[in-house]
**Student:** 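Provided herewith is a single structure, encoded as structure tokens, for subsequent inquiry.
Numbered from 1 within each chain, the chains take letters A, B, ... in sequence-line order.
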Amino acid sequence: MSPKVRMAPSPTGFLHIGGVRTFLFNWLFARQQGGECLLRIENTDTSREVAEAVDQIQESLRWVGIDWDGPVTFQLDTADRARELAHELVANGHAYEDDGAIRFRQPKEGTVSWVDAVRGEIEFRNELLPDLVIVRSDGRPTYNFVSPVDDILDGITHVIRAEGHVSNTPSQINILRALGADLPLYAHVPDINGDDGKKLSKRHGAASVDLFRDAGYLPAALMNFLALLGWSYDDKTTIMSRHELIERFSLERVVPSPATFDYKKLDWMNGMYLRALQPDEYAHFLERWLREHDIDWPQQRVFATAPLVQEKIEKFSQYPDFVRFLFEDVAPPDGVDGKVVAAAADRLAQLPTWEAAAIEDDLRGLVEELGEKPRTAFAPIRLAVTGSKISPGLFESLELLGRDESLRRLRAAAA
RNA sequence: GGCCCAUUCGUCUAGUGGCCUAGGACACCGCCCUCUCACGGCGGCGGCACGGGUUCGAAUCCCGUAUGGGCCUCCA
């Protein structure tokens with residue numbers, strides 16, 4: 001039987017990073033097994049629904065690179081069918097009316113247990129399970145009822161969801177049994193925590209997918225990083241392409257304990273991905289990021305800066321400040337060694353070709369003349385030209401800036 | 001409070017009774033490379049929550065304690 005899983009967000013706001021990781025595991029599993037991956041919006045609680053959320057969730061998923069099979073479905077769409085089933089349960093004694101609502105009658109003896117794909121056998125005593133409401137007094141079925149019902153209707157074989165659902169599982173299993181349905185396989189994946197050890201969620205540690213997109217992370221890097229939160233391939237493999245992830249993923253290697261989100265590691269990994277990009281790909285991603293942030297610097301020059309920054313930054317949000325001096329004037333800094341800067345301006349003014357290699361030769365000649373160390377002699381020049389002690393390569397920067405502007409800044413700083 | 005889950009370097013993890021004087025990666029520190037930054041190279045710091053068992057032998061199995069988390073909603 002071909003596996004079928006579902007990603008089941010509730011439309012109460014943006015898609016947060018913990019949810020994406022859970023969906024990623026569903027997706028990786030389905031794609032690897034050649035199964036199907038459904039997207040079902042769990043909107044039984046209409047009171048908390050946020051209008052734009054449905055579109056936003058899909059857009060975020062698409063950006064990360066997670067797709068789904070068939071049309072997006074809504075839990076509310078099966079409400080009628082769920083209600084019918086609830087009445088059947090009432091008819092055969094598995095449920096009863098209570099104040100206009102319908103409650104599921106839990107077995108009063110024995111235990112419910114299942115073998116969780118990531119946590120092993122889990123067992124609950126039936127007598128401790130409360131008779132939960134499955135249809136509200138206003139007629140809307142509740143999550144704990146529709147969810148398993150939809151799983152039957154959709155033919156879901158593997159329920160891969162967050163560990164918070166462990167305690168809902170015994171009730172859902174009892175409901176499925178009362179309905180005479182087969183049980184899916186369950187896999188409860190660990191949460192992702194913030195630095196404070198508390199679970200990352202919409203209400204806590206607000207880490208939406210959009211925030212990562214904004215910060216200039218690459219989807220492939222985010223996916224790689226997320227996959228490694230709670231799962232590993234072996235003891236030494238870290239960087240894995242989407243293809244490799246799909247090929248190697250397995251539920252058995254998902255760990256049961258929660259992980260803490262480490263931004264520093266994500267930054268490092270994103271830097272790895274950024275540097276591995278082909279120049280044209282890099283320029284493409286960079287250009288898209290700038291466009292999304294309404295930065296309208298001349299495209300040609302932006303492309304020209306790409307090779308200067310590719311080795312230097314680990315996410316695009318660092319780009320504007322890093323190369324701003326190439327697009328805007330810089331304030332002449334104080335405390336610059338005017339002698340070196342003036343000498344540099346004089347020499348550079350004589351240069352026949354304004355090109356990085358020639359500029360470098362010329363400046364190194366100057367350094368020798370002055371009897372200085374390169375690092376100390378280049379510092380004031382860098383400061384005068386870029387306005388900062390940290391910048392892309394000096395010679396390449398000078399070339400890009402152009403002779404006139406470069407000389408103007410050097411002379412301004414020397415004055 | 002009840003029930004359930006979890007617990008290996010600061011962080012992500014490898015580890016399924018002997019291969020472990022616990023391996024890798026990020027972070028951090030030092031050195032090298034070097035026009036700054038970054039990359040890269042080399043080295044270092046650093047961990048099996050605690051206590052009992054079981055066993056010739058335990059990070060690995062069992063029990064307890066502690067800590068953290070989740071659920072106990074006519075939320076999902």
Side-chain angles (χ1 to χ4, degrees), chain A residues 8-12 19 41-49 75 98-103 116 118-120 122-125 127-130 132-147 161-171 188 190-193 195-199 201-202 225 228-239 253 255-269 271-272 274-275 308-314 318 322 360 363-364 367 373-379 381-383 386 388-397:
Chain A
S10 60
T12 52
I41 308 290
E42 311 233 289
N43 61 342
T44 41
D45 183 14
T46 43
S47 66
R48 291 204 305 158
E49 190 163 341
Q75 203 162 53
D98 176 31
D99 265 338
I102 297 176
R103 281 186 189 275
D116 197 279
V118 342
R119 335 175 84 82
I122 301 177
E123 183 178 79
F124 285 80
R125 295 198 351 239
E127 57 177 308
L128 267 12
L129 268 19
L132 68 223
V133 168
I134 54 177
V135 179
R136 299 178 175 95
S137 49
D138 67 2
R140 285 151 51 227
T142 59
Y143 164 79
N144 267 311
F145 187 58
V146 204
S147 183
R161 58 190 0 176
E163 64 170 300
H165 289 289
V166 165
S167 35
N168 293 144
T169 306
S171 293
H188 289 93
D191 289 331
I192 296 176
N193 295 157
D195 288 330
D196 57 0
K198 296 257 191 278
K199 175 185 164 188
S201 70
K202 270 170 243 181
F225 177 78
L228 257 15
L229 245 32
W231 174 81
S232 66
Y233 175 58
D234 59 18
D235 61 335
K236 53 198 52 165
T237 311
T238 303
I239 303 295
R253 287 192 64 84
V255 298
S257 52
T260 302
F261 200 96
D262 182 1
Y263 285 90
K264 288 259 188 65
K265 185 169 181 179
L266 208 213
D267 284 353
W268 165 79
M269 191 175 283
M272 294 285 285
L274 245 25
R275 276 176 254 117
L308 308 204
V309 300
Q310 189 165 7
E311 283 282 322
K312 310 279 187 182
I313 64 177
E314 46 191 13
Q318 296 167 332
F322 199 60
E360 175 166 6
L363 254 20
R364 285 194 188 279
V367 168
K373 283 187 178 290
R375 62 188 324 124
T376 54
F378 290 148
I381 301 175
R382 160 174 284 106
L383 203 52
T386 72
S388 169
K389 284 192 280 197
I390 299 169
S391 78
L394 219 209
F395 320 115
E396 292 79 3
S397 295

**Student:** How is A:R253 classified with respect to the nucleic acid when contacts are heavy atoms under 4.0 Å: base, sugar-phosphate, or nothing?
**Tutor:**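 Answer is sugar-phosphate: A:R253 comes under 4.0 Å of backbone atoms only.
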**Student:** Under 4.0 angstrom, heavy atoms only, what part of the nucleic acid is A:H165 near: base, sugar-phosphate, or nothing?
**Tutor:**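 Since a base atom lies under 4.0 Å of A:H165, the category is base.
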**Student:** Could you go through A:R382 and A:S388, starting from their C-alpha distance and side-chain angles, then the distance that decides it, and tell me whether this counts as side chain to side chain contact (heavy atoms under 4.5 Å, CB included)?
**Tutor:** CA-CA 7 Å; A:R382 160 174 284 106; A:S388 169; over 6 Å; no
**Student:** Which heavy atom of A:D116 sits nearest a heavy atom of A:H188, and at what distance?
**Tutor:**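 Shortest heavy-atom separation between A:D116 and A:H188 comes out as OD2-ND1, 2.6 Å.
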**Student:** Considering every strand shown, what is the Watson-Crick or G-U wobble mate of B:U65 when both distances are under 3.5 Å?
**Tutor:**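 Base partner found: B:A49.
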**Student:** For B:G70 versus B:G30, give the span between their C1' atoms, rounded off to a whole number of Å.
**Tutor:**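 It works out to 43 Å between them.
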**Student:** Between A:D138 and A:R140, does at least one N-O distance fall below 4.0 Å, as a salt bridge requires?
**Tutor:**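 A salt bridge is present here (some side-chain N lies under 4.0 Å from a carboxylate O).
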**Student:** Any side-chain heavy atom of A:S137 within less than 4.5 Å of one from A:D99?
**Tutor:**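 Not touching, per the 4.5 Å side-chain cut-off.
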**Student:** If we take the P atom in both B:C5 and B:U65, what is their distance in whole Å?
**Tutor:**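 One P to the other, the span is 15 Å.
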**Student:** Take A:K373 and A:F378 through the test side chain to side chain contact (heavy atoms under 4.5 Å, CB included) and record every step on the way to the result.
**Tutor:** CA-CA 8 Å; A:K373 283 187 178 290; A:F378 290 148; over 6 Å; no
**Student:** Once each nucleotide of nucleotides 44-50 of chain B is scored for protein heavy atoms under 4.0 Å, what B/S/- sequence comes out, 5' to 3'?
**Tutor:** -------
**Student:** Sticking with atom P, work out how far B:C50 lies from B:G10, rounded to a whole angstrom.
**Tutor:**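 Here B:C50 and B:G10 have their P atoms 13 Å from each other.
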**Student:** If B:A58 has a Watson-Crick or G-U wobble mate with both distances under 3.5 Å, name it; if not, just say none.
**Tutor:**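 Its partner: none found.
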**Student:** Do the side chains of A:P9 and A:I41 get nearer than 4.5 Å, heavy atoms only?
**Tutor:**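 A side-chain contact under 4.5 Å exists here.
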**Student:** Taking the P atom in each of B:C39 and B:C72, what is the distance between them to the nearest angstrom?
**Tutor:**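 Roughly 46 Å separates the two P atoms.
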**Student:** Within this structure, what is the OH-to-C1' distance between A:Y143 and B:C72, rounded to whole angstrom?
**Tutor:**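 A:Y143 atom OH is separated from B:C72 atom C1' by 15 Å.
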**Student:** Rounded to the nearest angstrom, tell me the gap between atom CG in A:D116 and atom C1' in B:C71.
**Tutor:**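 The distance from CG of A:D116 to C1' of B:C71 comes to 15 Å, rounded to the nearest Å.
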**Student:** Encode nucleotides 30-41 of chain B as B, S and - characters from 5' to 3', where the letter depends on protein heavy atoms closer than 4.0 Å: B to the base, S only to sugar-phosphate, - to neither.
**Tutor:** ----BBBBSS--
**Student:** Is any side-chain heavy atom of A:L383 closer than 4.5 Å to a side-chain heavy atom of A:K389?
**Tutor:**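 In contact.
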**Student:** Using every non-hydrogen atom in the two residues, find where A:Q318 and A:I313 come nearest and quote the distance to one decimal.
**Tutor:**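 Looks like OE1-CB, 3.2 Å.
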**Student:** Rounded to the nearest Å, what distance is computed from the NZ atom of residue A:K236 to the P atom of nucleotide B:A22?
**Tutor:**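 Roughly 16 Å, once rounded to whole Å.
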**Student:** Which value, in whole Å, describes the distance between the C1' atoms of nucleotides B:C33 and B:U16?
**Tutor:**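 Looking at atom C1' only, B:C33 and B:U16 are 44 Å apart.
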**Student:** To the nearest Å, how far apart are A:D267 CG and B:C28 P?
**Tutor:**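 Nearest whole value for this atom pair: 11 Å.
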**Student:** Who is the Watson-Crick or G-U wobble partner of B:C71, with both distances under 3.5 Å?
**Tutor:**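 With both distances under 3.5 Å, B:C71 matches B:G2.
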**Student:** Do A:M269 and A:T238 make a side-chain contact, defined as non-hydrogen atoms from C-beta onward lying under 4.5 Å apart?
**Tutor:**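 Side chain of A:M269 against side chain of A:T238, heavy atoms only: contact under 4.5 Å found.
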**Student:** Under a 4.5 Å cut-off applied to non-hydrogen side-chain atoms, are A:P170 and A:L129 in contact?
**Tutor:**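 Yes; the side chains approach each other to less than 4.5 Å.
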**Student:** If you measure from the P atom in B:C29 to the same atom in B:C37, how many Å do you get, rounded?
**Tutor:**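 Going atom to atom, P in each nucleotide, I get 14 Å.
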**Student:** What contact category does A:N168 fall into here, base, sugar-phosphate, or nothing, at under 4.0 angstrom with non-hydrogen atoms?
**Tutor:**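 Base, at least one base atom sits under 4.0 Å.
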**Student:** With distance as the sole criterion, do the side chain of A:T142 and the base of B:C74 form a donor-acceptor contact below 3.5 Å?
**Tutor:**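 Looking at the base of B:C74, it does not pair with any donor or acceptor on the side chain of A:T142 (distance under 3.5 Å).
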**Student:** Which part of the nucleic acid, if any, lies within reach of A:D99 when heavy atoms closer than 4.0 Å are counted: base, sugar-phosphate only, or nothing?
**Tutor:**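 If one applies the 4.0 Å heavy-atom cut-off, A:D99 turns out to touch a base.
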**Student:** A:V255 near the nucleic acid: base, sugar-phosphate alone, or nothing, with a heavy-atom cut-off under 4.0 Å?
**Tutor:**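 The residue A:V255 makes sugar-phosphate contact but no base contact.
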**Student:** If B:C42 has a Watson-Crick or G-U wobble mate with both distances under 3.5 Å, name it; if not, just say none.
**Tutor:**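 The base-pairing partner of B:C42, which may sit in any strand shown, is B:G30.
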**Student:** Can you tell me how far OG1 of A:T142 sits from CD of A:Q75, rounded to the nearest 0.5 angstrom?
**Tutor:**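 Reported to 0.5 Å precision, the distance equals 9.0 Å.
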**Student:** Can you label the angle between the A:F225 ring and the A:F261 ring as parallel, tilted or perpendicular, going by 30° and 60°?
**Tutor:**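 Correct class here is perpendicular.
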**Student:** Testing the basics here: between A:T237 and A:D234, what is the closest heavy-atom pair and its distance to 0.1 Å?
**Tutor:**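 The answer is N-OD1, 2.7 Å.
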**Student:** Quote, to the nearest angstrom, the P distance that separates B:A22 from B:G46.
**Tutor:**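 Approximately 12 Å lies between the P atom of B:A22 and that of B:G46.
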**Student:** For A:I102 and B:C74, give me the distance from atom CD1 to atom C1', rounded to whole Å.
**Tutor:**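 The answer, rounded to whole Å, is 12 Å.
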**Student:** Should B:U16 form a Watson-Crick or G-U wobble pair with both distances under 3.5 Å, which nucleotide is its partner?
**Tutor:**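 Base partner found: none.
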**Student:** Nearest whole Å is fine: how far is B:C75 C1' from A:L132 CG?
**Tutor:**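 Interatomic distance, CG of A:L132 to C1' of B:C75: 12 Å.
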**Student:** When the C1' atoms of B:G43 and B:G68 are compared, how many Å lie between them, rounded to an integer?
**Tutor:**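 36 Å, rounded to whole Å.
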**Student:** Search all heavy atoms of A:S147 against all heavy atoms of A:R161 and return the closest pair with its distance.
**Tutor:**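 Answer, listing the atom of A:S147 first, then A:R161: OG-NH2, 4.5 Å.
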**Student:** So which nucleotide does B:U36 pair with, by the Watson-Crick or G-U wobble rule with both distances under 3.5 Å?
**Tutor:**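 Result: none.
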**Student:** Under 3.5 Å for both donor-acceptor distances, Watson-Crick or wobble: does B:A25 have a partner, and if so which one?
**Tutor:**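 WC or wobble partner is B:U11.
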**Student:** Classify every nucleotide of nucleotides 2-12 of chain B by which part a protein heavy atom approaches to under 4.0 Å, writing B for the base, S for the sugar-phosphate alone and - for neither, in 5'-to-3' order.
**Tutor:** -SSSSS---BB
